[in-house]
Amino acid sequence: MERVLVIGSSGQIGSELVLALRKKFGNVNVFATDIKNPPDEIRNGGPFQILDVLDYRNLLHFLVRHNITQVYNLAAVLSGNAEKIPLQAWDINMKALMNTLEAARQSDAKKLFWPSSIAVFGPTTPRHNTPQLTVMEPNTVYGISKLAGERWGEYYCHRYGIDFRSVRYPGLISYKTEPGGGTTDYAVEIYFEAIKKGSYECFVSADTALPMMFMDDAIENTLRLMDVGSDHLSLRSSYNMAGISFTAEELHQSIKKYLPNFSTTYKPDFRQAIADSWPASIDDSIAQKDWGMKTEYDLDKMTKVMLEKIGEQLNGPKN
Ligand code: AKB
């Protein structure tokens with residue numbers, strides 16, 4: 001019987017991952033925790049507790065008291081926010097991971113999921129179809145913390161037998177929670193603003209291309225990676241995960257197919273430089289081969305669901 005802890009359950013990934021894990025393992029076996037209050041669906045559907053992952057003693061106590069066997073640690077300061085508070089972001093991102101790795105070592109919670117990101121790549125990385133193993137010189141504090149985290153995860157796996165598993169998420173697109181301070185937030189904000197105002201001022205240029213993924217695909221693939229037998233995993237750092245690559249203008253055009261009057265203006269800010277340092281597209285053939293990574297959503301299919309769901313959220317269900 002698995003007993004699961006999700007750290008960061010009120011965030012963009014956490015609020016959806018908890019629901020999927022509860023379906024799989026049973027509501028009472030999935031403990032949602034965060035330093036922020038969760039959406040009602042999370043609070044009412046199973047155990048929720050305020051827990052600060054930066055407090056090592058409390059974290060270890062939680063793992064032991066609840067007989068936790070696997071942990072999903074999603075707590076992080078994302079790329080845009082991290083550039084505003086570099087040292088603090090480094091401290092938070094690294095301490096959140098190191099506390100979890102160490103608490104896993106000292107308890108029975110030996111299986112650990114931790115998200116890495118396309119931010120591990122930098123301006124010297126090949127930008128198109130970026131391979132799994134390549135030049136990695138990230139120039140953002142978030143990217144540096146993710147690359148260091150991958151190295152530590154692999155180290156704890158080989159040195160201490162922690163079953164560390166990770167993917168390099170592309171930008172994740174979802175409708176349940178508002179974006180959380182990342183560079184890829186424009187690809188979520190644009191849908192909300194399309195429904196609310198019919199127009200959007202985009203903070204990257206029209207020709208900015210980045211890899212993205214619909215949240216349903218991200219959750220399915222996370223569960224897939226966590227399910228597969230250890231002997232299938234040829235990597236213990238973090239797997240490339242491609243999703244779909246499109247420019248901001250292609251995203252705009254996709255929304256226009258459903259909302260013909262929608263307009264977008266482009267006013268790049270400091271996040272343009274971050275976006276320019278990341279790959280435009282990713283090669284995830286190793287994830288496909290090792291654990292069957294696959295996606296269901298292309299750009300237009302995702303746009304249809306995003307607009308429908310946000311419309312229902314803001315205006316009530318269609319008759
Ligand atoms: C961000 O933009 O910071 C994140 C990421 C790509 O990891 N969404």
Side-chain angles (χ1 to χ4, degrees), residues 8 10-17 72-86 88-90 92-94 96-97 113-123 125 127 130 136 138-150 153 166-192 202-205 208-219 221-222 225 237-248 251 268-282 284 287 295 302 306:
S10 305
Q12 192 196 12
I13 305 171
S15 55
E16 305 218 22
L17 186 61
Y72 295 74
N73 173 7
L74 310 170
V77 183
L78 296 184
S79 58
N81 282 349
E83 290 308 304
K84 296 176 194 157
I85 46 162
Q88 220 178 318
W90 167 259
I92 294 170
N93 288 357
M94 294 315 295
L97 173 64
F113 177 81
W114 175 82
S116 185
S117 161
I118 55 167
V120 291
F121 301 113
T125 301
R127 283 207 76 218
T130 303
M136 296 173 91
N139 61 1
T140 63
V141 69
Y142 174 68
I144 298 168
S145 72
K146 286 296 182 191
L147 182 54
E150 289 188 7
S166 176
V167 289
R168 293 172 180 156
Y169 283 130
L172 297 181
I173 300 186
S174 64
Y175 54 84
K176 289 200 174 170
T177 55
E178 298 275 329
T183 302
T184 58
D185 288 8
Y186 66 91
V188 181
E189 283 174 5
I190 194 170
Y191 289 109
F192 279 91
C202 184
F203 60 76
V204 297
S205 62
T208 302
L210 286 174
M212 304 278 177
M213 184 178 275
F214 189 49
M215 187 60 85
D216 289 18
D217 278 335
I219 300 291
N221 281 308
T222 303
L225 169 66
S237 53
S238 189
Y239 282 91
N240 272 9
M241 200 158 85
I244 28 176
S245 285
F246 48 80
T247 63
L251 174 55
D269 68 12
F270 72 99
R271 289 166 284 192
Q272 182 69 52
I274 303 178
D276 289 343
S277 77
W278 291 352
S281 61
I282 300 262
D284 62 11
T295 53
M302 175 173 78
M306 285 294 287

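Please read these numbers as outputs of a predicted model, since none were measured by experiment. Counting starts at 1 for both ligands and their atoms, following the listed order. Both backbone and side-chain heavy atoms feed into the values below; hydrogens, waters and symmetry mates do not.
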Do Phe113 and Val167 touch side chain to side chain, with heavy atoms closer than 4.5 Å?
yes
Minimum heavy-atom distance between Leu97 and Gly149, given as atom pair plus value
CD2-CA, 3.3 Å
To the nearest 0.5 Å, how far apart are CD in Gln272 and CZ in Phe203?
9.5 Å
Residues which pass side chain to side chain donor-acceptor pair (under 3.5 Å) with Glu16, listed by chain and number, not counting sequence neighbours
none
N/O to N/O under 3.5 Å, ligand 1 against protein:
unit_1: ligand 1; atom_1: 2 (O); unit_2: Ser79; atom_2: OG; d: 3.4
unit_1: ligand 1; atom_1: 2 (O); unit_2: Thr183; atom_2: N; d: 2.7
unit_1: ligand 1; atom_1: 2 (O); unit_2: Thr184; atom_2: N; d: 3.1
unit_1: ligand 1; atom_1: 2 (O); unit_2: Thr184; atom_2: OG1; d: 3.3
unit_1: ligand 1; atom_1: 3 (O); unit_2: Ser79; atom_2: N; d: 3.1
unit_1: ligand 1; atom_1: 3 (O); unit_2: Ser79; atom_2: OG; d: 2.5
unit_1: ligand 1; atom_1: 7 (O); unit_2: Ser117; atom_2: OG; d: 2.7
unit_1: ligand 1; atom_1: 7 (O); unit_2: Tyr142; atom_2: OH; d: 2.7
unit_1: ligand 1; atom_1: 8 (N); unit_2: Thr184; atom_2: OG1; d: 2.9

If you look at every heavy atom in Thr183 and Ser79, which pair is closest and at what distance?
OG1-OG, 2.7 Å
If you take all heavy atoms of Glu83 and Tyr142, which pair is closest and at what distance?
OE2-N, 4.3 Å
